[in-house]
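One structure below.
The structure displayed is predicted, hence computed values, not measured ones. Basis for what follows: all heavy atoms, side chains included, without hydrogens, waters or symmetry-related copies. Throughout, protein chains are lettered first and strands after them, A, B, ... in sequence-line order, and every chain is numbered starting at 1.
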Protein chains: 2
Amino acid sequence: MTRRDAYVCGIDAAIDVVGGKWKVLILWALEGGPCRFGELRRGIPGVTEKVLASHLRELEGDSIIFREEAFEGAVRRVTYALTPLGVSLNEALGPLGAWGREHLLGERSAHHEAL
Amino acid sequence: MTRRDAYVCGIDAAIDVVGGKWKVLILWALEGGPCRFGELRRGIPGVTEKVLASHLRELEGDSIIFREEAFEGAVRRVTYALTPLGVSLNEALGPLGAWGREHLLGERSAHHEAL
DNA sequence: GTGGGTGGTTACCTTAAGGTGAGTGGATGA
DNA sequence: TCATCCACTCACCTTAAGGTAACCACCCAC
């Protein structure tokens, strides 16, 4: 998804933010609350650490998520969570998710609650 | 956007359908009614004929749009229009478009009506 | 007869997104 | 002591999406 200089309309721009291969899955995972790096890696089967890290940094750059690094004693604990903007993005993705579930996935995941 | 074999959730799948570089712009253009190939090409500045043709064929394959070819005398007239599924997709994209307009485009196109 | 419009196709090339696999440095566990 | 977890980074490679430019057949107007 090449960062476009000038957007023609809103979805155009939104798709750009959310168009990375694993980004909606990251947003989906963070819906349930903050996650650590390792939790995300395990929670999104197939994503590699490199790609996960770069996606996270892009989402952070777009102010969709924020990163919090803390040390308990000397142990690193990095947590990712949705910003208010990220929460609103997830809400805006709701109808699209419902559409996809209804028309693309068939019935088999129709009982999948969020997004 | 690599066609994924198994989708995890609805948006995942929907983003795949709509993730091509010019696809939402095509949908946006067709919102206003059926268009001919040349109209789309002129209406979407920057898209090339090759990419437009392949995007149209993919959208047609996903049953988002349909193609109608007619001959008036000996003159070709090819028209593209949204299917009911395409209309529902456009509706589902509405909130995402609004989100993008509000949060990514600033005020300068806030008065842009559709999508 | 030539320039433009119709709706494309074809071969080729570029680029960036994503994947592979190894390494890092400290801490903790067996 | 060796291994493993944590959160990454780095160098390299592959692949597919998209771009470039030429070409096609057919028609019409000038």
Side-chain angles (χ1 to χ4, degrees), chain A residues 1-8 12 15-27 29-30 34-62 65-81, chain B residues 1-8 12 15-27 29-30 34-62 65-81:
Chain A
M1 200 91 327
T2 326
R3 230 31 149 188
R4 218 153 345 186
D5 32 328
Y7 295 113
V8 176
D12 193 13
I15 288 287
D16 208 4
V17 168
V18 106
K21 184 167 179 187
W22 306 96
K23 287 194 183 168
V24 290
L25 268 43
I26 294 172
L27 294 182
L30 292 179
C35 282
R36 303 182 60 177
F37 186 87
E39 289 175 323
L40 287 170
R41 178 171 25 88
R42 285 187 298 271
I44 304 174
V47 73
T48 63
E49 300 186 331
K50 179 207 146 187
V51 172
L52 179 57
S54 74
H55 274 33
L56 286 171
R57 224 150 299 118
E58 285 178 30
L59 288 171
E60 198 191 352
D62 287 331
I65 64 173
F66 67 95
R67 198 185 103 109
E68 200 170 5
E69 190 165 5
F71 287 87
E72 298 165 352
V75 182
R76 281 175 88 184
R77 180 179 197 88
V78 179
T79 312
Y80 294 92
Chain B
M1 199 91 328
T2 325
R3 228 33 148 185
R4 217 150 350 181
D5 32 327
Y7 294 113
V8 177
D12 193 13
I15 288 286
D16 207 4
V17 168
V18 105
K21 183 166 177 187
W22 305 95
K23 287 195 182 168
V24 290
L25 267 43
I26 294 173
L27 294 182
L30 293 179
C35 283
R36 304 182 60 177
F37 186 87
E39 289 176 323
L40 287 171
R41 179 169 26 86
R42 285 186 298 272
I44 304 174
V47 73
T48 63
E49 299 184 333
K50 179 208 146 189
V51 172
L52 179 58
S54 73
H55 275 34
L56 287 170
R57 229 156 298 117
E58 285 179 28
L59 289 171
E60 197 190 354
D62 288 329
I65 63 173
F66 67 95
R67 200 185 102 109
E68 200 171 6
E69 190 165 3
F71 286 87
E72 298 165 352
V75 181
R76 280 175 89 184
R77 181 180 196 88
V78 179
T79 311
Y80 294 92

(message) Let's see if you can work this out: which of C:dT6, C:dG21, C:dG8 has an atom nearest to the side-chain heavy atoms of B:Arg67?
(response) C:dG8
(request) Taking all non-hydrogen atoms of both residues into account, name the closest pair between A:Leu40 and A:Tyr80 and its distance. (result) CD1-CD1, 4.2 Å
(message) Heavy atoms from C-beta onward define the side chain here; which of D:dT20, D:dT9, C:dG7 lies closest to that of B:Thr48?
(response) D:dT20
(message) If I take atom CD in residue B:Glu72 and atom P in nucleotide C:dG5, what distance separates them, rounded to the nearest angstrom?
(response) 18 Å
(request) Look at A:Arg36 and D:dA7 and indicate whether a side-chain polar atom (N or O) is within less than 4.0 Å of OP1 or OP2. (result) yes
(request) Would you indicate, yes or no, if D:dG18 has its OP1 or OP2 atom less than 4.0 angstrom from a side-chain nitrogen or oxygen of B:His55? (result) yes
(request) With the side chain of A:Val51 defined as its heavy atoms from C-beta on, choose the nearest nucleotide among C:dG19, D:dC27, C:dG8. (result) C:dG19
(message) Can you tell me which nucleotide in C:dG8, C:dG18, C:dT28 comes closest to the side chain of A:Trp22?
(response) C:dG18
(request) Send over the distance from B:Lys50 NZ to D:dA22 C1', rounded to a whole Å. (result) 14 Å
(message) Tell me the interatomic distance from A:Phe71, atom CZ, to D:dC5, atom P, rounded to whole angstroms.
(response) 20 Å
(message) Rounding to an integer number of Å, can you tell me how far B:Arg41 CZ sits from C:dG5 C1'?
(response) 9 Å
(request) When you get a sec, tell me which of C:dG7, C:dG18, D:dA7 is the closest nucleotide to the side chain of B:Phe37? (result) C:dG7
(request) Check the distance between D:dC28's P and B:Arg77's CZ and give it to me in whole angstrom. (result) 15 Å
(request) Could you say whether B:Val78 or A:Ser54 is positioned toward the 5' end of DNA chain C, judged by the nucleotide with the nearest heavy atom to each? (result) B:Val78
(request) Take atom CD1 of B:Ile44 and atom P of D:dG18, then tell me their distance rounded to the nearest Å. (result) 13 Å
(message) Tell me the interatomic distance from A:Arg57, atom CZ, to C:dG18, atom C1', rounded to whole angstroms.
(response) 15 Å
(request) Choose from C:dT6, C:dT9, C:dG19 the nucleotide whose nearest atom is closest to any side-chain atom of B:Glu49. (result) C:dT9
(message) Rounded to whole Å, please give me the gap between CD in A:Glu68 and C1' in D:dC6.
(response) 17 Å
(request) Tell me which nucleotide among D:dG19, C:dG8, D:dC27 gets nearest to the side chain of B:Val75. (result) D:dC27
(message) Closest approach to the side chain of B:Lys21, judged atom by atom: which nucleotide of D:dA22, D:dC27, D:dG18 is it?
(response) D:dG18
(request) Answer with base, sugar-phosphate or nothing: what part of the nucleic acid does A:Tyr80 contact at a heavy-atom distance below 4.0 Å? (result) sugar-phosphate
(request) Please lay out, stage by stage, how B:Glu39 and B:Arg41 fare under the test salt bridge (charged side-chain N to carboxylate O under 4.0 Å, His left out). (result) CA-CA 5 Å; B:Glu39 289 176 323; B:Arg41 179 169 26 86; over 6 Å; no
(message) Tell me the closest heavy-atom pair linking B:Leu56 and B:Phe37, and the distance in Å.
(response) CD1-CD1, 3.8 Å
(message) Given 3.5 Å as the limit, does a donor-acceptor pair link the side chain of A:Glu58 with the main chain of A:His55, or not?
(response) no
(message) Quick check: closest heavy atoms across A:Arg76 and A:Phe71, and the distance to 0.1 Å?
(response) CG-CE2, 3.2 Å
